[in-house]
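What follows is a set of notes on a single structure, which appears directly below.
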Amino acid sequence: IILLLGIIAGLCSPVHAKPPDPERLRFLMKFAAEGLEVNADEVPLPRIVYLSNEELQEHYLGSSILSYAVRKNILKIVPGLALYSFYREVMELIEGVDYTDPDKEYILVHELVHYLQLVYRKLHLDKVRCLRETERVAYRIGNLWALATGHGHVYNGATIFHRSQCFDDE
């Protein structure tokens, strides 16, 4: 599941990767857990890997769709900045993005929601028809973080609805 950011341009400017501080990540995870109404006190932090922008896009879109998106210049419209892979059980972040920036923390909150949805599978994953339905809650909690802190992006209801719908073949 990926957090697509179509509004903010230039977020993937080359800087040295700054991984989130483990204590700060723990704090963000507690916020995500409160939104999910679960306890994260005994939950270990997720495994995090850093990928190039192209690798992350390929993990989300697949190589054939990524190739099409690059040809049509779509990735400049909807760059992905993070992904929680339910299948690989890993949070994937883009190398070169400063995730210590308060304006990027809502992204981490969003992906931590997905991590906790996996940890608490019976409460969350077992109740959805497809993984895209997990986006509704992740965007809601990410929005709450952005509103509470005044940092980040708040997604509107139409965007959240569109990104959380199952496809017919799922």
Side-chain angles (χ1 to χ4, degrees), residues 1-32 35 40 43-119 131-132 134-135 137-156 159-160 162-164:
I1 307 295
I2 194 167
L3 185 59
L4 295 173
L5 301 173
I7 300 197
I8 305 167
L11 287 177
C12 294
S13 59
V15 297
H16 296 298
K18 288 190 180 176
D21 174 69
E23 287 183 35
R24 187 65 178 168
L25 201 57
R26 171 69 57 196
F27 180 78
L28 298 173
M29 190 162 79
K30 283 188 171 199
F31 183 90
V43 176
L45 292 174
R47 190 167 61 94
I48 298 175
V49 298
Y50 291 87
L51 306 172
S52 70
N53 183 37
E54 294 77 18
E55 289 171 312
L56 187 120
Q57 305 308 327
E58 186 170 343
H59 282 191
Y60 176 66
L61 298 171
S63 58
S64 61
I65 295 174
L66 177 62
S67 175
Y68 174 81
V70 168
R71 281 195 319 271
K72 296 293 184 177
N73 221 11
I74 295 171
L75 289 180
K76 290 186 179 176
I77 299 170
V78 288
L81 291 180
L83 166 67
Y84 186 80
S85 172
F86 288 104
Y87 304 110
R88 289 183 287 282
E89 297 184 10
V90 64
M91 184 184 296
E92 299 177 352
L93 303 177
I94 295 178
E95 42 189 39
V97 173
D98 180 1
Y99 291 99
T100 65
D101 180 347
D103 285 333
K104 305 285 189 315
E105 288 186 330
Y106 79 103
I107 298 166
L108 297 174
V109 169
H110 178 105
E111 301 309 332
L112 287 165
V113 168
H114 290 312
Y115 170 63
L116 291 169
Q117 287 170 324
L118 178 66
V119 169
L131 288 179
R132 287 177 60 90
T134 65
E135 292 294 346
V137 173
Y139 279 113
R140 179 181 58 80
I141 296 171
N143 279 354
L144 287 173
W145 179 264
L147 291 168
T149 64
H151 292 283
H153 180 73
V154 176
Y155 288 87
N156 66 40
T159 299
I160 295 169
H162 173 72
R163 293 182 181 176
S164 62

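Every value quoted in this text rests on a predicted model; they were computed, and no experiment measured them.
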Kindly compute the distance separating [atom1] ([X]) from [atom2] ([Y]), expressed to the nearest 0.5 Å.
{"X": "His153", "Y": "Ile107", "atom1": "NE2", "atom2": "CD1", "answer": "10.5 Å"}
{"X": "Ile94", "Y": "Leu81", "atom1": "CD1", "atom2": "CG", "answer": "5.0 Å"}
{"X": "Ser164", "Y": "Leu131", "atom1": "OG", "atom2": "CG", "answer": "12.5 Å"}
{"X": "Leu45", "Y": "Leu28", "atom1": "CG", "atom2": "CG", "answer": "10.0 Å"}
{"X": "Tyr139", "Y": "Thr134", "atom1": "OH", "atom2": "OG1", "answer": "10.0 Å"}
{"X": "Arg140", "Y": "Asn143", "atom1": "CZ", "atom2": "CG", "answer": "9.5 Å"}

Side chain [X], main chain [Y], donor-acceptor under 3.5 Å:
{"X": "Arg47", "Y": "Arg88", "result": "yes"}
{"X": "Thr149", "Y": "Trp145", "result": "yes"}
{"X": "Glu111", "Y": "Tyr84", "result": "yes"}

Shortest non-hydrogen contact from [X] to [Y]?
{"X": "Ile141", "Y": "Gly35", "result": "CD1-C, 3.5 Å"}
{"X": "Asn156", "Y": "Thr159", "result": "OD1-N, 2.7 Å"}
{"X": "Ala32", "Y": "Val109", "result": "CB-O, 4.1 Å"}
{"X": "Gly152", "Y": "Tyr106", "result": "CA-CD2, 3.4 Å"}
{"X": "Val154", "Y": "Ala146", "result": "CG2-CB, 3.9 Å"}

Taking C-beta and beyond as the side chain, do [X] and [Y] meet within less than 4.5 Å on heavy atoms?
{"X": "Val97", "Y": "Lys104", "value": "yes"}
{"X": "Met91", "Y": "Leu108", "value": "yes"}
{"X": "Pro46", "Y": "Leu118", "value": "no"}
{"X": "Phe31", "Y": "Leu112", "value": "no"}
{"X": "Val43", "Y": "Leu116", "value": "yes"}

> After noting the C-alpha distance and the side-chain angles of Arg163 and Tyr155, does the key distance pass the side-chain contact (heavy atoms from CB on, under 4.5 Å) rule?
Replying inline: CA-CA 11 Å; Arg163 293 182 181 176; Tyr155 288 87; 3.4 Å; yes
> Residues two or more places apart in sequence or in another chain: which of them pass salt bridge (Lys or Arg N to Asp or Glu O under 4.0 Å) with Arg26?
Replying inline: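 For Arg26 there are no salt bridge (Lys or Arg N to Asp or Glu O under 4.0 Å) partners, ignoring immediate neighbours.
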> For His151, does the NE2 atom sit with more than 12 other heavy atoms under 6.0 Å from it, leaving out its own atoms?
Replying inline: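 More than 12 within 6.0 Å, yes.
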> How are the rings of His114 and Phe86 set relative to one another: parallel (under 30°), tilted (30 to 60°) or perpendicular (over 60°)?
Replying inline: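 Ring orientation, 0 to 90° scale: perpendicular.
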>> Under the criterion side-chain contact (heavy atoms from CB on, under 4.5 Å), I'd like the reasoning laid out for Glu89 against Tyr115: C-alpha separation, chi angles, the key distance, then a yes or no.
In response: CA-CA 8 Å; Glu89 297 184 10; Tyr115 170 63; over 6 Å; no
